Amino acid sequence: MNWAWHAFTIFRIPVHLHWTLIFVVAYWMFGPIQAGAGPEWIAFVAAGLVVQFAVILFHELGHSWASRRVGGHVDKILLWPLGGLAYVGHSDEPRTDIFVAVCGPATHLLLGGAAAAAVFALGIPWDWSYINPIGRPDPPYWPGYGYYFLLYFINMNASLMAFNLFVPAFPLDGGRILHDWLRMRMGEWQANRTAGTVSIVIGSALLLLAIWTASILLGVISVWMILQAAQLRAMAGADSAYSPHGYSDRGYRFEEPRKEGYFARRRRLKRERALARRDAEEAELRAKVDELLDKINREGKDSLTPSERKTLEEASSRLRRGS
């Protein structure tokens with residue numbers, strides 16, 4: 001996340017772009033160029049990428065608006081290869097979080113609805129393939145690049161809304177809604193465990209689909225979902241803040257003892273031996289200092305030999321550093 005730079009600010013929200021977006025653009029532009037597509041189609045693909053990230057930005061602005069609406073705040077928006085992330089903060093109440101989660105996908109309904117109204121206004125024949133989230137628009141005739149871009153825009157919004165809202169896998173919006181619903185039904189700990197398990201299963205299924213269809217983007221998204229879901233499920237562990245064995249990250253934290261591994265035990269024993277050697281050396285040094293001080297009390301300071309004086313000075317300096 002450190003590979004991002006501040007591009008602009010909109011509605012007092014800083015928008016950051018991830019440097020790896022360059023590789024995403026290069027990947028999507030390489031196919032048409034390699035296939036020898038004409039300049040019109042290359043321009044169509046480039047415009048589609050720009051519009052797609054503009055739609056994603058609008059999606060994150062929906063989350064941001066909702067967060068402010070419920071009294072929360074927005075720190076920034078990040079656009080990266082897997083879409084967008086809105087860094088918002090609001091109350092931890094499940095219904096509030098559901099509202100914030102829904103307002104992101106709801107933006108696609110607004111954008112897609114406006115584009116559909118334009119289709120009817122222009123007299124383009126309607127076909128249900130325009131809103132098919134797992135396919136491309138298939139108009140009854142080729143309407144030209146401008147009209148086809150409008151159909152593509154409808155299909156893009158339908159696909160993004162379906163994927164984000166109706167795939168109940170964390171950290172997608174649908175997964176967050178499922179997690180919040182479970183929190184209201186069974187509590188924090190069990191909700192983390194259940195939502196994490198469901199999300200791992202869905203992420204694994206999508207990963208198999210990505211391998212089957214050779215989709216790099218879907219594969220990366222699936223791995224990211226599995227990792228995020230595993231982290232959520234780990235919050236239901238015996239030593240987590242929301243575990244029945246502990247309460248809570250806002251206050252006290254109780255942990256059950258963990259089994260010590262081989263390398264951890266070796267490191268612990270090594271530290272203990274080093275501490276024991278240091279304690280033995282300090283005890284020997286203190287005994288020697290006590291012996292020299294006793295000699296001074298009996299015979300005076302002038303009775304010390306040069307080596308004893310040096311030993312006393314070094315011991316005094318060392319003990320002062322140790323304290």
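Remember, it's a predicted structure, so these values are computed and weren't measured experimentally.
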K.L.:
Of all the heavy-atom pairs spanning His73 and Ser67, show the shortest one and how long it is.
P.N.:
O-OG, 3.2 Å

K.L.:
Show your reasoning for whether salt bridge (charged side-chain N to carboxylate O under 4.0 Å, His left out) applies to Glu291 and Lys295.
P.N.:
CA-CA 6 Å; Glu291 182 181 344; Lys295 183 177 180 180; over 6 Å; no

K.L.:
Say whether Ile56 and Val50 are linked into one hydrophobic cluster, either directly or through other cluster members, by side-chain heavy-atom distances under 4.5 angstrom.
P.N.:
no

K.L.:
In Å and rounded to the nearest 0.5 Å, what is the CD1 to CG distance from Ile131 to Asn157?
P.N.:
12.0 Å

K.L.:
What about Val201 and Ile226, same hydrophobic cluster or not, with Ile/Leu/Val/Met/Phe/Trp/Tyr joined at side-chain heavy-atom distances under 4.5 Å?
P.N.:
no

K.L.:
Verify, without hydrogens or angle tests, whether His59 (side chain) and Leu61 (backbone) share a donor-acceptor contact under 3.5 angstrom.
P.N.:
no

K.L.:
Please check if atom CD in Glu93 has more than 12 non-hydrogen atoms from other residues, nucleotides or ligands closer than 6.0 Å.
P.N.:
yes

K.L.:
Can you give me the closest heavy-atom contact between Asn164 and Pro105, atom names plus distance?
P.N.:
CB-CG, 4.3 Å

K.L.:
Looking at CH2 of Trp126 and CG of Leu151, how far apart are the two atoms once the value is rounded to the nearest 0.5 Å?
P.N.:
8.0 Å

K.L.:
Step by step, would you call Val289 with Arg286 a side chain to side chain contact (heavy atoms under 4.5 Å, CB included)?
P.N.:
CA-CA 5 Å; Val289 169; Arg286 290 180 184 276; 5.6 Å; no

K.L.:
Flag the pair Leu275 / Arg278 as yes when at least one side-chain heavy-atom distance between them is below 4.5 Å, and no otherwise.
P.N.:
yes

K.L.:
Ser199 versus Gln228: any side-chain heavy-atom pair under 4.5 Å?
P.N.:
no

K.L.:
Does some side-chain heavy atom of His6 sit less than 4.5 Å from a side-chain heavy atom of Lys76?
P.N.:
no

K.L.:
Are Ile211 and Leu218 in one and the same hydrophobic cluster, where Ile, Leu, Val, Met, Phe, Trp and Tyr link if side-chain heavy atoms are under 4.5 Å apart?
P.N.:
no

K.L.:
In this structure, which one of Val74, Val100, Asp75 forms a side-chain contact (heavy atoms from CB on, under 4.5 Å) with Ser64?
P.N.:
Val74

K.L.:
Report yes or no: do Trp212 and Met225 belong to one cluster of Ile/Leu/Val/Met/Phe/Trp/Tyr joined by side chain heavy-atom distances under 4.5 Å?
P.N.:
no

K.L.:
Would Lys288 and Glu284 pass as an ion pair if we require N to O under 4.0 Å?
P.N.:
no

K.L.:
Taking side chain as C-beta onward, heavy atoms only, is Asp173 less than 4.5 Å from His63?
P.N.:
yes

K.L.:
Write down the atom of Leu207, the atom of Ser222, and the distance for their closest heavy-atom approach.
P.N.:
N-OG, 3.4 Å

K.L.:
Stepwise, does the side chain to side chain contact (heavy atoms under 4.5 Å, CB included) test hold for Thr96 with Asp180?
P.N.:
CA-CA 9 Å; Thr96 299; Asp180 289 321; over 6 Å; no

K.L.:
Do the ring planes of Trp65 and Phe99 sit parallel (below 30°), tilted (30 to 60°) or perpendicular (above 60°)?
P.N.:
tilted

K.L.:
Quick one: do Leu110 and Ile77 end up in the same hydrophobic cluster if we chain Ile, Leu, Val, Met, Phe, Trp and Tyr together by side-chain heavy atoms under 4.5 Å apart?
P.N.:
no

K.L.:
Test side chain to side chain contact (heavy atoms under 4.5 Å, CB included) on Thr194 and His179 and set out the steps.
P.N.:
CA-CA 8 Å; Thr194 305; His179 179 235; over 6 Å; no

K.L.:
Counting N and O atoms only, with roles assigned by atom type, does the side chain of Arg183 sit under 3.5 Å from a partner on the main chain of Glu188, one being a donor and the other an acceptor?
P.N.:
no

K.L.:
Check whether any side-chain heavy atom of Gln190 lies under 4.5 Å from a side-chain heavy atom of Leu182, and answer yes or no.
P.N.:
no

K.L.:
With rounding to the nearest 0.5 angstrom, report the CH2 to CD1 distance, Trp181 to Ile98.
P.N.:
10.0 Å

K.L.:
Looking at Arg12, I'd like to know if its CZ atom is crowded, meaning that more than 12 non-hydrogen atoms belonging to other residues, nucleotides or ligands lie closer than 6.0 Å.
P.N.:
no

K.L.:
With rounding to the nearest 0.5 angstrom, report the CG to CD1 distance, Asp97 to Ile177.
P.N.:
9.0 Å

K.L.:
Tell me if a side-chain donor or acceptor on Ser159 pairs with a main-chain N or O of Asn155 at a distance below 3.5 Å.
P.N.:
yes

K.L.:
Could you walk me through whether Phe170 and Arg176 satisfy the side chain to side chain contact (heavy atoms under 4.5 Å, CB included) test, starting with their C-alpha distance in whole Å, then the side-chain angles of each, then the deciding distance to 0.1 Å, before giving a yes or no?
P.N.:
CA-CA 6 Å; Phe170 194 86; Arg176 293 184 182 276; 3.9 Å; yes

K.L.:
Please report the shortest heavy-atom distance between Val167 and Ile202, naming the atom on each side.
P.N.:
CG1-CG2, 3.9 Å

K.L.:
So how far is it from Leu109 CG to Leu160 CG, rounded to the nearest 0.5 Å?
P.N.:
13.0 Å

K.L.:
Which residue in the set Trp224, Trp19, Phe53 passes ring-ring contact (aromatic ring centres under 6.0 Å, His included) when paired with Trp80?
P.N.:
Trp224

K.L.:
Rounded at 0.5 Å granularity, tell me how far CG in Leu57 sits from CG in Leu78.
P.N.:
11.0 Å

K.L.:
Would you name the heavy atoms of Ala195 and Leu232 that are closest together and state the gap between them?
P.N.:
CB-CD2, 4.0 Å

K.L.:
Is the Tyr152 ring parallel, tilted or perpendicular to the Phe149 ring (thresholds 30°, 60°)?
P.N.:
tilted

K.L.:
What are the two closest non-hydrogen atoms of Ile200 and Ala229, and how far apart are they?
P.N.:
CG1-CB, 3.7 Å

K.L.:
Does Val223 reach the side chain of Leu227, with side-chain heavy atoms less than 4.5 Å apart?
P.N.:
yes

